[in-house]
Structure formats: C-alpha cells, structure tokens
Colleague: 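Quick one: the structure is below, and I'll ask about it shortly.
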Amino acid sequence: DAADCYVNIDELMLKAGHELANHTGAEAGLVTAGAAAGMLLEAAACMTLGDPAKILRLPDTTGMKNEIIIPRTLRVGFDQAFRQAGAKLVEVGNTFSLGEYELEAAINERTAAVAYIFGPFLKAPLALPQVVAVAHKHNVPVIVDASAMLPPAENLTRYIREGADMVTFSGGKGVCGPQSTGILVGRRDLIEAARLNTSPHAGIGRPAKVCKEEVIGLLVALDLFVHIDWEVQWKRWRTMSQAIVDALHEVPGITVRMEDGDPNRQGPVAAIYFEAKWRGPSQEEVLKQLREGNPPIYIGSGWYRDELWVTPVTLKPGEEKVVAARLREALLSG
Ligand SMILES: *Cc1c(COP(=O)(O)O)cnc(C)c1O
C-alpha cells in the first residue's frame, strides 16, 4: 500500500520518527537503513550537530569534534560505521576492565561522543548509567548500538531511560521487520541532526536511504512486535526447543538441554555440548552436513565453547521436527 502513496518524504520521516519516539520513550526518532546506518548517523549527528556546512564536508572532519570514545571490550566489526562518517575511535580500558577515571581522562575538546555497544556476546566493563554519568558531566553525548537487543521488548525503552542520548536497533532482527531497516531514537536536537545527514537530503547517510515502503513496513512490524504476547511466544520457543532436546537425548557423548533464562541467549534455545568422550563427527562436520542438506539448515555454534545451539526464532510450526531429525542424523553419522 505504501508503494501506491506519493508523499513528502521529509514529512513521512518526521511522522514515522514520532511513532518510534512513542514506542521508546525518546524525544524523537528516525527510521534508518539498519542499525549500522543508525551508527553512521549517530556519529554524523554528534560531529556536525546539524551544521549544514559540516554535513556537506563529511567524512572530512577538519575543524569538528571528531573523536568517539569506545570501551575496548565493546569493539565490534560494525563500529566501522562510526568511522565511515569520519570519526576517529579512541579506545579506553583494557580487555577486561574500564575505570571511570580512564573514561574521564580520555574526554577532551575533540570528543564528539562516547559509544556503547550492547550484544549478547559482549561484556560491559562499566554499566551504561555509569558511562552516562561521566560523559554528561562533560556535556558529551552517549551513543548506543543495541542492534540485536530486541526482544525483550523492555529494551525498547531501557537505554533511553538509562540516559543514552541516541540508541539504534535493527528492524530486521528480532523485530522481524523489513530486513534492511533500523530504528534510531534519542535527543531531539541530535535526531534532527541525524535526519539532515541522510536521505532525502544530501549527506554522508544518503547512500543508506530508506524507501517509503520500508518506513511503513518497519512501523507495522514494530506495532506487531510490541503487541506480541511474550508468554505465548516463549512457550512456543520452549516447546520447539524441547522437541529438539527430546530427539537428541539418546545420542551418546553429548549433553543436550533446553536453556531458558540465560541473559546471553535471546530466549529459550536447545543447546548441545560435546563431552570428553564424544567420538562422533566434529562440530564443523555437523554444521556442514546441515547446511549442505535439503533444506539447508543453519544453527548456532560455539560462542563460549564447544557447543551447538538451535534458536527457534525463524522456525515455522513443524520445522523443529525437521531440524531435530537432521541434527540427529548428522550427529550419528560417521
Ligand atoms: C547486527 C548488528 C549490527 C548491524 O545491524 P544492521 O541492522 O544489520 O545494520 C550492529 N551492531 C551489532 C552489535 C549487531 O549485532
């Protein structure tokens, strides 16, 4: 339907942003082309603050505040998106810890923002509110990437409530919206600066344009997402995960169990651990058999250790039986 409507894109972006703000408790919002585009615009917003001459100059940041401080333990490949806007990343802390004093010492007159990344696999050395307290003492905004942190739906409001100035989420991950969309929310002046750095305007974000069909698609998906009955949803995940566990528990040499409530997991999953006495195919061999079979099956593997896990997020009813049977066959092969 959105494809058939001809609208003023600025007006659409502002109204869509208003919806995102309502869902997150932020002052303003902007639909982006994914969380990484959101990170690009966070950096562009904090460096230009909406100044039209600076917007046109990016990624050349001459004469701008262009340093983004980032805790070393929170570095991820996606943080290239900050540098894409021309920012320079300044790492603080070591690979285990970060003291508030270290963060404070890194802040100077070139600091544009402090970045904070949330991920199921990332370890935060200082909690977001502590980082916010230090940064705000020096009038430095805190920009957050929470791409993969939905669900739980509570996270939609959490980071703003904890004081973040800008937060970005993927629209195409747990929200299940159009895969190329993202959510950017935060302080009104910074979101306005982000908006001026992207389509329909010329600017560093123009190549990350979102179309009107994606804007409406994301809003519809988000509306569905916030109305999900999580009791029902988690029950479905639990039932599917349990079916996989039940199909595998006689395989000798592995421990298989449903894991529910682990903060590093996005919901109930079936987890498989290889014991010392395991003599079957290697983890890589199992993954290969699954992905090369018909239909191809992709499951999770080893963030922490020698493990495989199945998250039911994309499974349709009945598909858990196919995954269970194929996993059993792969584990018992060779
Ligand atoms: C997936 C991911 C991104 C990128 O999100 P897109 O919406 O695909 O652009 C950024 N940061 C983290 C931590 C992610 O997991």
Side-chain angles (χ1 to χ4, degrees), residues 16-17 20 23-24 29-46 68-85 87 89 91 113-128 131 142-153 155-156 158-159 162 164 166-186 191 194 197-199 204-211 213-215 217-222 225 262-267 269 298 300-304 309 311 313-314:
L20 299 184
H23 279 300
T24 56
L30 183 69
V31 179
T32 67
M39 294 163 84
L40 169 78
L41 294 176
E42 285 178 340
C46 293
I68 295 182
I69 298 172
I70 184 166
R72 194 177 299 266
T73 58
L74 300 182
R75 289 295 312 272
V76 290
F78 301 107
D79 65 32
Q80 184 172 19
F82 295 136
R83 289 192 290 114
Q84 207 176 344
L89 292 181
E91 290 183 3
V114 175
Y116 202 96
I117 319 282
F118 284 96
F121 44 90
L122 289 174
K123 246 205 147 127
L126 275 183
L128 178 63
V131 168
V142 175
I143 56 180
V144 170
D145 164 25
S147 171
M149 301 307 286
L150 300 173
N155 284 349
L156 271 173
R158 179 180 150 203
Y159 311 116
E162 291 184 349
M166 300 182 96
V167 182
T168 184
F169 301 96
S170 286
K173 289 185 179 171
V175 177
C176 298
Q179 213 207 328
S180 56
T181 58
I183 296 166
L184 179 62
V185 291
I191 293 296
N197 272 282
T198 191
S199 181
I204 196 83
R206 175 78 196 216
K209 169 156 73 179
V210 280
C211 65
E213 297 83 358
E214 290 170 312
V215 171
L218 175 70
L219 293 184
V220 172
L222 190 56
F225 177 78
D262 179 340
N264 283 299
R265 313 257 191 213
Q266 308 267 214
V269 302
Y298 298 87
S301 64
W303 277 345
Y304 308 125
W309 44 272
T311 168
V313 62
T314 58

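Every number for a ligand or one of its atoms is a count from 1 in the order of the listing.
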Colleague: Of all the non-hydrogen atoms in the protein, which one sits nearest to atom 13 (C) of ligand 1, and at what distance?
Modeller: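 Of every protein heavy atom, D145 OD2, 3.4 Å lies nearest to atom 13 (C) of ligand 1.
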Colleague: Indicate yes or no: does an N/O atom of A36 lie under 3.5 Å from an N/O atom of ligand 1?
Modeller: yes
Colleague: Think K173 forms a cation-pi with F78, using NZ or CZ under 6.0 Å from the six-ring centre and within 45 degrees of its axis?
Modeller: yes
Colleague: Can you tell me the protein heavy atom closest to atom 3 (C) of ligand 1 and the distance?
Modeller: S147 OG, 3.3 Å
Colleague: Evaluate whether atom CD of Q179 has more than 12 neighbouring non-hydrogen atoms of other residues, nucleotides or ligands under 6.0 angstrom away.
Modeller: no
Colleague: Distance check, rounded to the nearest 0.5 Å: N197 atom CG versus I204 atom CD1?
Modeller: 8.0 Å
Colleague: Verify whether the ring centers belonging to Y159 and F118 lie closer than 6.0 Å.
Modeller: yes
Colleague: Nearest 0.5 Å, what's the CG-CZ distance between L128 and R158?
Modeller: 7.5 Å
Colleague: First locate atom CG of D145, then atom CZ of F169, and finally report the distance between them rounded to the nearest 0.5 Å.
Modeller: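 Those atoms lie 9.5 Å apart.
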Colleague: Which ligand 1 atoms, with their elements, are less than 4.0 angstrom from a heavy-atom of K173?
Modeller: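 Answer for ligand 1: 1 (C), 2 (C), 3 (C), 5 (O), 14 (C), 15 (O).
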Colleague: Using a strict cut-off of 4.0 Å, indicate which atoms of ligand 1 neighbour a heavy atom of G34.
Modeller: 7 (O), 9 (O)
Colleague: Using a 4.0 Å cut-off to any heavy atom of S170, which atoms of ligand 1 qualify?
Modeller: 5 (O), 6 (P), 7 (O)
Colleague: Is A35 in polar range of ligand 1, meaning some N or O pair under 3.5 Å apart?
Modeller: yes
